[in-house]
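First comes the structure, then the notes that go with it.
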Amino acid sequence: MKKTFNKNWQHLEIESKLYNNWEQSGYFKPEISQKLSAGSDQLSANKPFVIAIPPPNVTGKLHIGHAYGTTLQDLMIRYHRLLGDASLYIPGMDHAGIATQAVVDKKLRKEGINKNDIGREKFVEEVWKWKEESGGKILQQLRAIGASCDWDRERFTLDAGLSDAVRQAFIHLYEKDLIYRGLRTVNWCPKCHTAIADDEVEYKKEIGKFYWIKYGPFILATSRPETKLGDTAVAVHPGDKRYKDMVGKKYMIPGVLGDFEVEVVADNAVDPNFGSGAVKVTPAHSIIDFEISQRHNIPIKQVIDDRGRMMENSGKYAGMTTKEAREEIVADMMKLGLIDHVDENYEHNIAVCYRCGGQIEPIPSKQWFVKMKPLAEKARQAVESGEIEIIPKRFEKVYFHWLDNIRDWCVSRQLWWGHQIPVWYSDSELSEEKIYVGENPPEGYIQDEDVLDTWFSSALWPFSTLGWPNGSSEDYQRFYPTTVMETGYDILFFWVARMIMMGQELTGKIPFKTVYLHGLVRDEHNRKMSKSLGNALDPLDLIAKYGTDALRMGLIIGSTPGQDVAIGESKIRGYRNFTNKIWNASRFVSLRVTDGDLQSGEQGESKISDLNIDEKLLTKDDREILVLYKTAKDQVTKHLNKFEFSLAGESLYNFFWHTFCDQYIEKSKLQLDDEKIKDNTKKILIKILSESLIMLHPFAPFVTEAVWQELREFTPNLAESIMISTWPK
RNA sequence: GCGCGAUUAGCUCAGUUGGUUAGAGCGCUACAUUGACAUUGUAGAGGUCACUGGUUCAAGUCCAGUAUCGCGCACCA
């Protein structure tokens, strides 16, 4: 049966078929390169190239940022597969603790179900049900982007293997005294009803009131007068002469609930130039104040509870929200003449939860913390020594700064969805008197109710996905450490730094050699994409309209690591034109080489028996294109090896379109009519076309494969798929 | 307050270790239509590379400073 070439690249009909073929043929597996390398039967024949996907949250729909990251990852994987490396792209998803719990909670509420009525077990069951329904969609979307993942190795942060990894990691850290339980003032989100880590707190500018209050012998300022009920000290700077004689003394302070005693301490945390230089200290409801209290042995008095309401010990204010209590207390202080004056337009930052946007109420709470200092030192060393390279390099400075100022990481969360902490207590008060950390708790012990921060399991991702803690598992042995970690710069601290720390501590190795950080995707006017602006682009819409290849090229070309990328439909449309150019150049070559019909697109019968070009028959134009081709090929290879994807893509684009198509194909039209050099010209066309297709494949996997299959009809020795062909030497 | 980035064509951005006439996409102008492709081709217009100073035979690129915009971190008691 004769093949016909359409006039245009029909991405809609063909892309998913090609993807299914690839997946079924097993080309996505790293073992394919073993099969291909002739005569080699040992696994070590091909050097591994491994990327673990940044696992998308089960909650979400893939947005264009995912498409960008996935494209970069898949580009590297496909390039290395063509180089003959044993390339493994590990797919998976993240259970996303708070986010997922919130989504399912909301969904159940709509159905009139309160999670507290059905209880933990039932609720978690509901989340699993929801995960099964929603999770699959994301994986289909990754396929649509062309991600050549080995789906047999797909992992989920809450599956059995990874849960085991989390338990082993926790136990290891506990045994090495790198994780501990402590009562501390932590960032508490009353809405999510859980503690969160320092870096999960965001700050929002707000105009509020700044109250200058008469405070015994002091006048001092506060934006939160309601916390006065929990004050236990006043702090001043050690060098502040104004208060020198007062340090160490105790004073009775008049308050709305009667007088109370505070001690004056000197602490460097106080800025003598701000306010009056004297600070009221509320250890229970300010993390800084808590730290001051620890240094000076000051008592902690909690007056706000975990719902953000005043507690029993707050007299007439008990039960009020902090906001209500503030108004009442201010009014009462006015009456008592305790307010000196008020700044009405005081601009300050308020702490809000990164997840729900609700205001953070610091409260004292028993939580688990990871000791970060010892881990951070080694993590610093790995990058400093060059063992790990961060691209672009300037992020190394950001990384160092974060590590140098690190605080202990609060890893326990008061949620139900996640890895329950593998700690058991002998008594129901969950005191630490008798505690068991491990896997086989003694009879009658009660497990800690809390779960671990989502990022705790994410931190293990590069090795937990490969079989760790089973150090002798084949995948772990062969593919760990992974090669490249490609992700957004916005999660350098949340994720990348913690993977490095956990990798070093738990496996004794760095988890990856190169960190490639991409930027945020913005709209074509460089504005942040958002629902409210209505400028968010849906990658699936774009794929349907212009094809995956066009989207991929549009995202890659003209973008650079660490820098935000602006993209709009017009850019993608431009690259759609390019994918069509690839299709049509191939159509031309195919029809002329087989002596087919350019009108109908019907392929002819002629075949090429061998591809050896006769040097003696080369025309001036032939020589010229061969030189230009070689230059382009060297450029592209060089750029890809240096992670310069945009430049590689641009070189290819320009060579293919404006050199090969615009110049050589035009010249070849004359040569193909000359019997003497006709065959040689065909060979040159095929050589440059087929090799260009291979180089274009990581950028535009679908159209290159579609065309490759056409070329195989009449060209000897082409691999059964372009995916597993060989990068031109 | 500390740190980082950006400033290049009308718009959005590339520009690798300093080296001829500074590039791309989109947009714009003129011409070309049964010719692989109009999702095209040919030709073209459009830039004092934010500003000031310095290093150099040579600076968009390196150094110092200024301005504007953006981001991160810390703090705001």
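Note that the structure is predicted; figures quoted are calculated from it, not measured. Just so we're on the same page: letters track the sequence lines, and every chain starts at 1.
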Find the distance [X]:[atom1] to [N]:[atom2] and express it as a whole number of Å.
X	N	atom1	atom2	value
H401(A)	rC73(B)	NE2	C1'	6 Å
H639(A)	rG15(B)	NE2	P	10 Å
Q663(A)	rA36(B)	CD	P	17 Å
R407(A)	rA74(B)	CZ	C1'	9 Å
D198(A)	rG72(B)	CG	P	17 Å
L517(A)	rC4(B)	CG	P	17 Å
Q603(A)	rA36(B)	CD	C1'	13 Å
F660(A)	rA36(B)	CZ	P	14 Å

NA contact type, [X], heavy-atom cut-off 4.0 Å: base, sugar-phosphate, or nothing?
X	value
Y653(A)	sugar-phosphate
R576(A)	base
I288(A)	sugar-phosphate
K581(A)	base
T579(A)	nothing
V270(A)	base
D662(A)	sugar-phosphate
Y346(A)	sugar-phosphate
K669(A)	base
A566(A)	sugar-phosphate
E666(A)	base
L598(A)	sugar-phosphate

- Message: Using side chain to side chain donor-acceptor pair (under 3.5 Å), reason through D343(A) and W212(A) one step at a time and then give a plain yes or no.
- Response: CA-CA 8 Å; D343(A) 289 345; W212(A) 291 78; 3.1 Å; yes
- F655(A) and side-chain contact (heavy atoms from CB on, under 4.5 Å): which partner among V636(A), I688(A), T631(A)? I688(A)
Which nucleotide in the list [options] gets nearest to the side chain of [X]?
X	options	value
F493(A)	rA77(B), rC73(B), rG3(B)	rC73(B)
R394(A)	rA77(B), rG41(B), rG5(B)	rG5(B)
N8(A)	rC37(B), rU16(B), rG35(B)	rC37(B)
N577(A)	rC26(B), rG41(B), rC37(B)	rC26(B)
L647(A)	rG25(B), rC26(B), rA14(B)	rA14(B)
N580(A)	rU16(B), rA74(B), rC37(B)	rC37(B)
K280(A)	rU40(B), rA14(B), rA77(B)	rA77(B)

Could you check which nucleotide pairs with [N] in any of the strands shown, counting Watson-Crick or G-U wobble with both distances under 3.5 Å?
N	value
rG19(B)	rC57(B)
rA50(B)	rU66(B)
rG1(B)	rC73(B)
rG35(B)	none
rG44(B)	rC28(B)
rA9(B)	none

- Examine K228(A) relative to F260(A) and say whether NZ or CZ is less than 6.0 Å from the centre of the six-membered ring and inside a 45° cone about the ring axis. no
Looking at [X], I'd like to know whether one of its side-chain N or O atoms comes within less than 4.0 Å of OP1 or OP2 on [N].
X	N	value
S223(A)	rA77(B)	yes
T560(A)	rG15(B)	yes
K397(A)	rC4(B)	yes
K7(A)	rC37(B)	yes
Q635(A)	rU16(B)	no

Determine the Euclidean distance between corresponding [atom1] atoms of [M] and [N]; express it in Å to zero decimal places.
N	M	atom1	result
rU61(B)	rA6(B)	C1'	15 Å
rG10(B)	rG19(B)	C1'	31 Å
rG53(B)	rG41(B)	P	45 Å

- Any chance the rings of F645(A) and Y516(A) have centres within less than 6.0 Å? yes
- Task: May I ask you to test the M333(A)-V256(A) pair for a side-chain heavy-atom distance under 4.5 Å?
- Result: yes
- Are any non-hydrogen side-chain atoms of M485(A) and T514(A) less than 4.5 angstrom apart? no
- Task: May I ask you to check whether E361(A) and T322(A) show a side-chain donor-acceptor distance below 3.5 Å?
- Result: yes
- Decide yes or no on side chain to side chain donor-acceptor pair (under 3.5 Å) for Y79(A) and N641(A), but give the supporting numbers first. CA-CA 10 Å; Y79(A) 171 55; N641(A) 288 337; 2.7 Å; yes
- Is it true that a side-chain atom of D340(A) and a backbone atom of K214(A) form a donor plus acceptor pair closer than 3.5 Å? no
